[in-house]
Each structure stands twice: as structure tokens, then as C-alpha cells.
There are 2 protein chains.
Amino acid sequence: MSNNAKFDREWVVDKATQLYWEKGFHATSMRNLQDVIDMRPGSIYAAFGSKEGLFKETLVRYTQQGIDKLQSCRKQTSSPLSALKLFMRQVVIEAQTQSPNGMCMLVKTVSELTDEQPELLQAAKDALKTMEAEFEAVIVEAQTIGEVANHKNAKALARHIQVQITGLRSYARTTDGDAPLAQMIDEVFEHHPFV
Amino acid sequence: MSNNAKFDREWVVDKATQLYWEKGFHATSMRNLQDVIDMRPGSIYAAFGSKEGLFKETLVRYTQQGIDKLQSCRKQTSSPLSALKLFMRQVVIEAQTQSPNGMCMLVKTVSELTDEQPELLQAAKDALKTMEAEFEAVIVEAQTIGEVANHKNAKALARHIQVQITGLRSYARTTDGDAPLAQMIDEVFEHHPFV
DNA sequence: ACCAAGCATGAACGATCGTTCAAGAATTAT
DNA sequence: ATAATTCTTGAACGATCGTTCATGCTTGGT
């Protein structure tokens, strides 16, 4: 491990993700990034092209980690709905203290950016659609084992989950731990449209 | 109306609100603001102290306008729940096309800022609590006229409304008009915990 | 051992950032 | 009419922004 080995792209993107996630696109400066990923400007631009290029790569990585996390939840239980609830607990409750920012990085990005960064904005929107499709797949699974009625619209339920997660994560961030998050998550599954 | 009349503070804060709301705190530069509010730096700093000072004043104004909007909805119908639904339609659906940004400015602010702007962050959180209290007051009204059962927890219902609005506004922004927002709003009121 | 190719370096660039302040114009008080 | 006060102006400041590129080091092939 010499002083000048080729940089570890995964590690770098990971660190960049954490910083971008915490501070957002605009408030994160290239000098901030240089510090946390321990690279000089020339190397960063050779590898990622621009501040936007690096950000885009963090969005991809963040999304893949989200998918992995959901799959990990899915493998911990035979109940697809329990997996969904476990996932919600992780991103809504645990993420408040263990993540760079309690909010979903994709939602934060869609919230922050305007048409001045059209590619990044679209990339974040697409990634959110991807996550919603993952939810839908889990819900379809729940239908095949009879955990959710077959006549329910899986797409609509996935959309519902997406809205609830987004709403709850934002709410958690505004209330500094005062909200009964676990109970609020339970209520999502106790009532229509799931039962 | 001479060239040098004292500036119209309300008009100025209004314009600043629109710009901050659209672009966020960090992406809005003082020069952007100078252009839209037609004031020179010296005047702005004499009147508002700093970029943060002006932003804080826009938060206050934005919140008051939100309260006014809810009261306006309340006066258009004898049903408190219908008023709430009308308010939701306005901020979730109409705001997508008619506002500087479909998201709630307060949520956007809480999402964007970190502890580097503690006062602004807290101000936005406080304003969201204020809005939630307004929702609660409407729900209590609904209980007094028997539109909502008395044994329901008005605070919990207000919290629920807050989460739904936040989730739906974010979702609307990510989907570019593809989501059945009106139907999703209806569902909030058709199912538990309101019925 | 040497060369060629690939990679990292960091000083420097022009642009823009938030902010200040000396100076002048407009208004109010006398 | 004049003085005192209030408000506006915009050039300028140091700091920082995203980005570039000439230079030198490291690595793999022979």
C-alpha cells in the first residue's frame, strides 16, 4: 500500500456520498470533497469529470445501497410485509442518528435542485422510481403468499409506501426525536390500504 | 413615487421569498436577490443585516401566508374536514404549477440546512410546529361539531396530516404530474384514522 | 536498467461569493 | 433656506468557488 497507489473508487464514492448527503449539492465544495476523499483536484476531475459527475455517481451508489438494504430486510423474514416494515424502521428511525442526514438523499436532492442541474435532478427522480419498483416487487410477493389481497393494486401500495417513508423521514427531521415514529410506522401497516 | 422612496418591505420580502423558495438558501446569491428585489447591497444589509436575516424574515412571512391560506379554506365551508382537504388540494396540487417550488419551503429548508445555520434551521422547525398546531385547531373544531369522533387524538391526527402533506408534496415533485394526487388526497380522508 | 504510459500533484486562473463603507441624494425638522 | 437626519448607492474587499494544466512520480513492459 504505497503512497501513490491508484485510488479506491468505491471508498472514494462512499465518502463523497456521505458528504453530499449531509450537506447537499450546493453547500458541498470541491475543497470539502478533496479533504474527505483525500484526492487533489486534478485526480478528481480526471476520474469524475466535474462536481456534477461525482455527485451523479454518488446517487447511483446510494440507490444501489438502498436496494441492497431492502433485499437484506427481505432475507431476514419470510413475510414480505414484515420486511417492508423492517426497512421502514431502518430508514425512518435508525437513519436519524446513524446517517449523514435523516432524510433520503434522493428526496433531498429532488428538493434542492432546479432546472439548472437537469441531469442530476432527473437522475434522482429516476432513482426514486427504481426504489418504488422495488417496493412493488415486495408487495407482489406478499400477494403471492396471500399476505396482501390479490385485488389490491400493488403499484398503488408501493406509491403509498413511498409517500409514507418520505413523509415520515421529513417529519422525523423536523421534530428532533420527539415523534412516536415506531408507532406511526405500525399504523401504516395496521390500517387501510394494507389490511 | 420618486426614484428614492423608502422601499416597500412587504413587496421586497415577498420577492425574496419567491427566490429563496425556488432555489433554496445556498443556491440563492445576494446578487440574485439584488436583482429581483431591486435594491443595492448597502440597502439590503441596512434593512436585513445579512443573507440569513433576510431568509429568516421570508420564513416568517411564508408561514403567515400558510396560516392565512388555511383560514381562507376554513371560511369557504362549514365542514372543518372539507377545509383541510381543500387546503391539501391547494398545497399539493395547485402549488406544483403555481408556486416557485412544489415543495413546502419550510420542509425544503429543514432538508437543506445543517447545524451551520442553526437559527434558520430552528426557525423552520418551529414554523412547521406552528402549522401543525393550526391543523390541530381545525381538527378540534371538527370534533366539536361531531365530524370527527371525540375519542380520537387531535394531536395525532394533525401529525398525520402533516406527514401526508409533506409526503405528497415531495412525491408530486418527483413524478412530474404523473401521480393521481387528487385521488391520493381523497384516500387520506376516506380511511383511518379519520373515519 | 530503461522507456513509455498512466496517474497524482497542487499552484494558479477567472469568476463569483457575502459583505462593508465612504460618499451622495432625498427627506424631515427647524 | 438651511441644517440634521435618513436612506440609497455601487465600487471594492478578502475569501472562496469550480476548474485547468504543466510537472513529476509510479508502474508495467522489455
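Note that the structure is predicted; figures quoted are calculated from it, not measured. So that the names make sense, note that chain A is the first sequence line, chain B the second, and so on, each numbered from 1.
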Specify the separation, in whole Å, of atom CZ of B/Arg9 and atom P of D/dT6.
17 Å
For A/Lys155, the salt bridge (charged side-chain N to carboxylate O under 4.0 Å, His left out) test, sequence neighbours excluded, returns A/Glu136
Could you give the side-chain donor-acceptor pairs of residues 175-185 of chain A under 3.5 Å, partners two or more places apart or in another chain?
unit_1	atom_1	unit_2	atom_2	d
A/Thr175	OG1	A/Tyr171	O	2.9
A/Thr175	OG1	A/Ala172	O	3.3
A/Asp176	OD1	B/Lys125	NZ	2.6
A/Asp176	OD2	B/Lys125	NZ	3.3
A/Gln183	NE2	A/Glu187	OE2	3.2

Can you check the A/Met30 CE to C/dC13 P distance for me, whole Å?
19 Å
Please state how far atom CG in A/Leu120 lies from atom P in D/dG18, giving the value in whole angstrom units.
13 Å
Sorted by chain and residue number, the salt bridge (charged side-chain N to carboxylate O under 4.0 Å, His left out) partners of A/Lys85 (sequence neighbours excluded) come out as A/Asp186
Please list, by residue number, the residues of residues 18-28 of chain B whose heavy atoms come closer than 4.0 Å to an atom of DNA chain D; answer none if no residue qualifies.
none
Salt bridge (charged side-chain N to carboxylate O under 4.0 Å, His left out) with A/Arg74: which residues, sequence neighbours excluded?
A/Glu141
Using whole Å, report how far CZ of A/Arg31 lies from P of D/dT20.
14 Å
Who are the side chain to side chain donor-acceptor pair (under 3.5 Å) partners of B/Ser72, not counting sequence neighbours?
B/Gln76
Expressed in angstrom and rounded to an integer, what is the separation of A/Asn32 atom CG from D/dG18 atom C1'?
12 Å
Whole angstrom value for the distance that separates P of C/dA11 from CD of A/Gln34
11 Å
Taking the axis from the first five pairs and the axis from the last five, what angle separates them in the helix from C/dA1-D/dT30 to C/dT30-D/dA1, rounded to 10 degrees?
10°
Here the ring pair (Phe, Tyr, Trp, His ring centres under 6.0 Å) pairs for residues 42-91 of chain B, sequence neighbours left out, are B/Tyr20-B/Phe55, B/Trp21-B/Tyr62, B/Phe25-B/Phe55, B/Phe87-B/Phe135
So which nucleotide from D/dT8, C/dT19, C/dA12 ends up closest to the side chain of B/Phe7?
D/dT8
Let's see if you get this right: which residues in residues 38-54 of chain B place a heavy atom under 4.0 Å from DNA chain D?
B/Arg40, B/Pro41, B/Gly42, B/Ser43
Below 4.0 angstrom from OP1 or OP2 of D/dT16, is there any side-chain N or O of A/Ser29?
no
A/Asn32 side chain to A/Ser29 side chain, donor-acceptor N/O pair below 3.5 angstrom:
yes
Hey, could you give me each pair passing ring pair (Phe, Tyr, Trp, His ring centres under 6.0 Å) that has a residue in residues 105-134 of chain B? Not counting sequence neighbours.
none
Applying side-chain contact (heavy atoms from CB on, under 4.5 Å) to B/Asp126 and not counting sequence neighbours gives B/Gln122
Please determine, by modelled atom types, if A/Ser79 and A/Glu147 share a side-chain donor-acceptor pair under 3.5 angstrom.
yes
Sequence neighbours left out, what passes side-chain contact (heavy atoms from CB on, under 4.5 Å) with B/Asp38? Give chain and number order.
B/Arg40
